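Being a predicted model, the structure only gives us computed values, none of them experimental.
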Amino acid sequence: MSDELYTWSASRLAKAIAGREVSAQEALASSLERIDAVNPALNAVVDVYHEEAVRQAEATDQYLAAGFSLGPLGGVPTLIKDNVRTAGHPATNGIPSRANILSPADDPVVENIRRGGANVIGRTNVPPWCWEWFCTNELWGTTFNARNHDLTPGGSSGGAGSAVAAGIVPIAHGNDIAGSVRYPAYANGIVGLRPTVGAVPGKGYTPEDPALSVQLFAVQGPLARTVQDAKLGFDVMRGYSWRDPVTVPQVDLPAGARRVGVYRGTEITPLAPEVGQALDAAIVALESRGYVVEEIKTDVFQQMFELEMLLTFQEFVQSGSSHIIEGGEIMRKGLEGWSAVVEDLFGTGFQLDLKSYGRTLARRGTVIRTLQGLLERTPIILTPSSAEVPFLHDEDQDTPVSRKHDIVLAQWPMCGTPVVGFPGLVVPTNVVAKNVPLGVHLISRRFGENDLFAAGQALEDAFGPASVS
C-alpha cells in the first residue's frame with residue numbers, strides 16, 4: 001500500500017497535524033481528492049461541505065501556528081451520517097421531501113465531534129429512514145460496497161462504511177439500532193462500534209421522532225479501519241448532553257477481562273461456512289494472546305432477537321406509518337422480510353397492543369438479567385456478525401419474501417444487543433469472502449467498551465488492520 005495521506009489512520013493523522021508534520025489543509029486536500037477519485041463510483045458521500053471544510057482546515061492550521069492545542073481529532077476529516085443534524089444542512093434520511101429542510105443547529109454528537117477538533121466535510125448516504133441493511137433511496141440513489149460492487153455496503157450507515165473502507169476519511173460517524181454501525185463495518189471489512197446506550201449523546205429529539213425505541217435503543221458510534229481509531233472516535237463522541245434523554249456522565253468499567261464465551265447461534269439459523277471459519281480464526285487468535293475461550297449454550301440471543309422484532313420493528317411499523325409512506329417502494333419492499341419474521345414468530349396479523357407491549361417490556365428486564373449473568377462468567381461474548389457473508393447488492397428488493405425472511409433471520413447478532421442496551425464491536429479477521437475480510441462480533445457488559453477494545457486489538461494484532469480498498 002502507498003503512504004498517501006488517505007491511507008493513514010485517524011490517530012496517525014491527528015498526531016502528525018498536531019506536530020505540524022502535516023497541515024490540516026493537506027489532510028483535507030487528500031480527502032477531497034479521494035472523493036473526486038472514488039465517490040462517483042461509490043456514491044458514499046452525498047453532500048460535500050467544501051467551503052466550510054476549507055475554512056475549518058485553514059483555521060486549524062492558524063490555531064496550531066499560534067501555539068494552541070487541538071482536540072484528539074484535530075484537523076482529521078470526518079463524515080456525518082445523513083440522519084443527524086449539522087447546522088445549515090439537511091438531515092434527509094434519504095427522503096426526497098426532506099431535501100431542503102435545513103438544520104438550525106448541530107445535534108449533540110456532532111457538537112462533540114467538532115469539539116474534538118474533527119473537520120466535518122460532508123454527509124454519507126443511508127436507506128430510507130435508515131431502516132435497512134442496504135443503502136439505496138429515492139433521493140440520493142445507491143451506495144456501493146467499497147470492496148465489491150456486487151455486495152451491499154450495509155446499512156443503515158452504508159455510506160459511512162463504504163467511505164471509510166475506500167479511504168475517503170479514516171473515521172466516520174454512524175448510528176445503530178439494529179446493526180446500522182456494525183453491519184456496514186462487517187460488509188466493508190472495517191471496524192465498527194455500537195457503544196452502550198447513554199454513553200454517547202445522540203439527536204436533539206423532537207416530537208416528529210416517531211418511536212420510543214429510537215430514543216431508548218439507538219446509539220451513535222464510529223466506523224474506522226483500526227481498533228485504536230474506533231476508540232478515539234468513541235472518546236471524542238461520548239459525553240453527557242441535556243438534549244438527549246438517556247445520556248449519562250462518563251462511565252468506564254476497568255478493562256482486564258480475559259474470559260470469552262463463544263455463541264454461534266446455529267439454533268437460530270445455520271452459519272455460512274466462511275462465517276464459521278472467521279469465528280474459529282478469532283478463537284485461535286484470542287487464545288494465542290492469553291484469553292480463555294469457551295463455547296456457551298443459551299437461548300438468550302433468541303430472546304433478544306424476538307424483543308428487537310417487537311420493541312423496535314413492530315413499534316415502528318405501528319407508530320411510523322407516515323414515515324413508511326415517505327420511504328416509498330424501496331422501503332416497503334425492504335420491510336417485507338421483517339414482517340415475515342414477525343409473522344413466523346408471533347403469528348399472522350400480530351399487533352403490538354398495550355397489553356403485549358407491557359408484557360414485552362417486563363420480559364426485557366428478565367432477558368437483561370440473564371445476559372448479565374452470562375457476562376459475569378465470561379465478560380466478553382464472541383458471536384458471528386451475521387450468519388451469512390455480506391448480502392448481494394439490493395437483495396432486499398426483488399427477491400422472494402422467503403429470502404427476505406432469511407436475510408433478517410441471519411442478522412440476529414445485529415438485532416440482539418440494541419434492545420438490551422449493551423455495547424458491541426465488529427473487527428475483521430483474515431477470512432475473506434467475496435473480497436471482504438469477514439468480521440466477528442464482540443459483546444461486553446454495559447460500559448465495558450474497554451474490554452471490547454482490548455479484545456479487538458488482540459484480534460487486529462493477529463490479523464492486521466483493515467486496508468484501504
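Checked for salt-bridge contact, Glu274 and Lys434 miss the test: no charged N lies under 4.0 Å from a carboxylate O.
Gln372 and Glu376 share no donor-acceptor pair across their side chains, judged by distance under 3.5 Å alone. In the model, Asp3 has a side-chain atom that pairs as donor or acceptor with a side-chain atom of Trp8 under 3.5 Å.
With His393 as the partner, the ring-ring contact (aromatic ring centres under 6.0 Å, His included) test is satisfied by one option alone out of Phe144, Phe134, Trp133: Phe144.
With hydrogens and angles ignored, the 3.5 Å screen pairs a side-chain donor or acceptor of Glu460 with a backbone N or O of Val227. Thr78 places no side-chain N or O within 3.5 Å of a backbone atom of Val120 that could act as its donor or acceptor partner. Thr226 contributes no side-chain N or O that, together with a main-chain N or O of Pro465, makes up a donor-acceptor pair within less than 3.5 Å. Remark: the backbone N or O of Ile407 is not paired with any side-chain donor or acceptor of Glu388 at under 3.5 angstrom. In terms of modelled atom types and a separation under 3.5 Å, the side chain of Arg364 and the main chain of Leu307 share no donor-acceptor contact. Counting only distance, with no hydrogens or angles, the side chain of Asp106 and the backbone of Glu111 share no donor-acceptor pair below 3.5 Å.
Within the structure, side chain to side chain donor-acceptor pair (under 3.5 Å) pairs that include any residue of residues 413-423 comprise Arg182-Thr417 (at least two apart or interchain). The ring pair (Phe, Tyr, Trp, His ring centres under 6.0 Å) contacts involving residues 255-293 comprise Tyr263-Phe301, Tyr263-Trp412, where partners must be two or more places apart or lie in separate chains.
Checked against side-chain hydrogen bond (donor to acceptor under 3.5 Å, both in side chains), Asp82 has the following partners two or more places apart in sequence or in another chain: Thr92, Arg123, Trp140. Annotation: side-chain hydrogen bond (donor to acceptor under 3.5 Å, both in side chains) contacts of Asp235 (sequence neighbours excluded): Lys231. Residues satisfying the side-chain hydrogen bond (donor to acceptor under 3.5 Å, both in side chains) test with Gln314, not counting sequence neighbours, are Gln318. Under the side-chain hydrogen bond (donor to acceptor under 3.5 Å, both in side chains) criterion, Glu132 pairs with no residue at all, not counting sequence neighbours.
Between Tyr186 and Tyr183, the distance from one ring center to the other falls under 6.0 angstrom.
Between atom CD1 of residue Ile381 and atom CG of residue Leu442 there is a gap of 10.5 Å, rounded to the nearest 0.5 Å. The distance from the CD1 atom of Ile268 to the SG atom of Cys415 is 10.0 Å, given to the nearest 0.5 Å.
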